[in-house]
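What follows is one structure encoded as structure tokens, with my remarks underneath.
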Amino acid sequence: MSITQPRRSEPASAPVPVTFQTLQEKKQTGRPISALTAYDYATARLVDEAGIDLILVGDSLAQVVLGYDNTLPVTVDEMLHHTRAVRRAVRRAIVAADMPWGSYHLGVNEGVANAIRFVKEAGAQAVKVEGGESRAELVERLTAAEIPVIGHLGLTPQSIHRMGGYKVQGKTPAAIGALLHDAHTLESAGAVLLVLEGMPREVAARITLEVGIPTIGIGAGPECDGQILVFHDLVNLSFTQPAKFVRQYGDAAALFRSAIDSYRRDVEARSFPSDAESYHLPKDVAARLEAPATPARP
Ligand code: KIV
């Protein structure tokens, strides 16, 4: 940021904030819900100003921002740090934070205590937890503590080792039955939203039809009440082969590469900065600087 630019240019008028009631109404009236991840001030601002309904500070930041191989290493403190940055940027969308692996697996009390940190210290309006029936008590306790909870079913990346990799879930009658049971259990426990990841569209469609709360799909087909993607996948900043369900809407990597290359070439050719990009002395001071120095008296 330049020292001559103000910190923040405010939009003309304050937008009407999205609430979970807004999302519920969207489901009831068949209007799709848009969601994206974001992890920092600049991208969260762009996502919010584009009118996306829900911004998830996903633990996918472990991979796309911090360079880890999977989501398991990211800590509560790292997630809080990024959630605060997103919170400072967002005026309209709901800001939800992902509870990282290990922050709710030791017991319900610890899970509630960590979720409270996301609300109190980072301004999150909701938390997301992965898993079905085994999270029911946690979802109930968080709901009782006034924290809206987003469930996450299907391909749950925090279960990578148990699943034996990132594999589409819910392909057998038994697995479909278990997913439906989990979806109903989370809804009964008080979850306000369900993320459905990596499952056949027919299964996501059935869950969407059966539960009263909105479903947000990622690799779960078009029948979900809304869709979410990882921001870095959307704009080609993930440095991995995109999954089948990713649609790339832009090529930020190409844009950044070209800008960085041009900058390096200009610096090496001394064509940056130009005179117009330089600060100048007032004329009288410049003249004194340029005048030959008076010889010192003996
Ligand atoms: O961490 C994440 O980004 C997620 C979304 C992809 C749903 O959990």
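Just follow the structure's listing: the first ligand is 1, and inside any ligand the first atom is 1. Nothing here was measured: the structure is a model prediction, and the numbers come from that model.
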Write none if no such pair exists; otherwise list each N/O atom of ligand 1 with its protein N/O partner under 3.5 Å and the distance.
residue	atom	partner	partner atom	Å
ligand 1	1 (O)	Asp59	N	3.1
ligand 1	1 (O)	Asp59	OD1	2.9
ligand 1	1 (O)	Ser60	N	3.0
ligand 1	1 (O)	Ser60	OG	3.3
ligand 1	1 (O)	Asp98	OD2	3.1
ligand 1	3 (O)	Ser60	OG	2.5
ligand 1	8 (O)	Lys128	NZ	3.0

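Scanning for side chain to side chain donor-acceptor pair (under 3.5 Å) contacts around Arg117 gives Asp77, Glu121, with sequence neighbours left out. Evaluation of the salt bridge (charged side-chain N to carboxylate O under 4.0 Å, His left out) rule for Glu277 yields no partner, not counting sequence neighbours.
Checked against Ile94 for a side chain to side chain contact (heavy atoms under 4.5 Å, CB included), the options Leu23, Leu56, Ile55 give a single hit: Leu23.
Residue pairs meeting the ring pair (Phe, Tyr, Trp, His ring centres under 6.0 Å) criterion with at least one partner in residues 130-167, sequence neighbours excluded, do not occur; the list is empty.
In this structure, Ile116 is a member of the same hydrophobic cluster as Leu80, with clusters built from ILVMFWY side-chain heavy atoms closer than 4.5 Å.
Taken from CG in Asp182 to CD in Glu187, the straight-line distance is 13.0 Å, to the nearest 0.5 Å.
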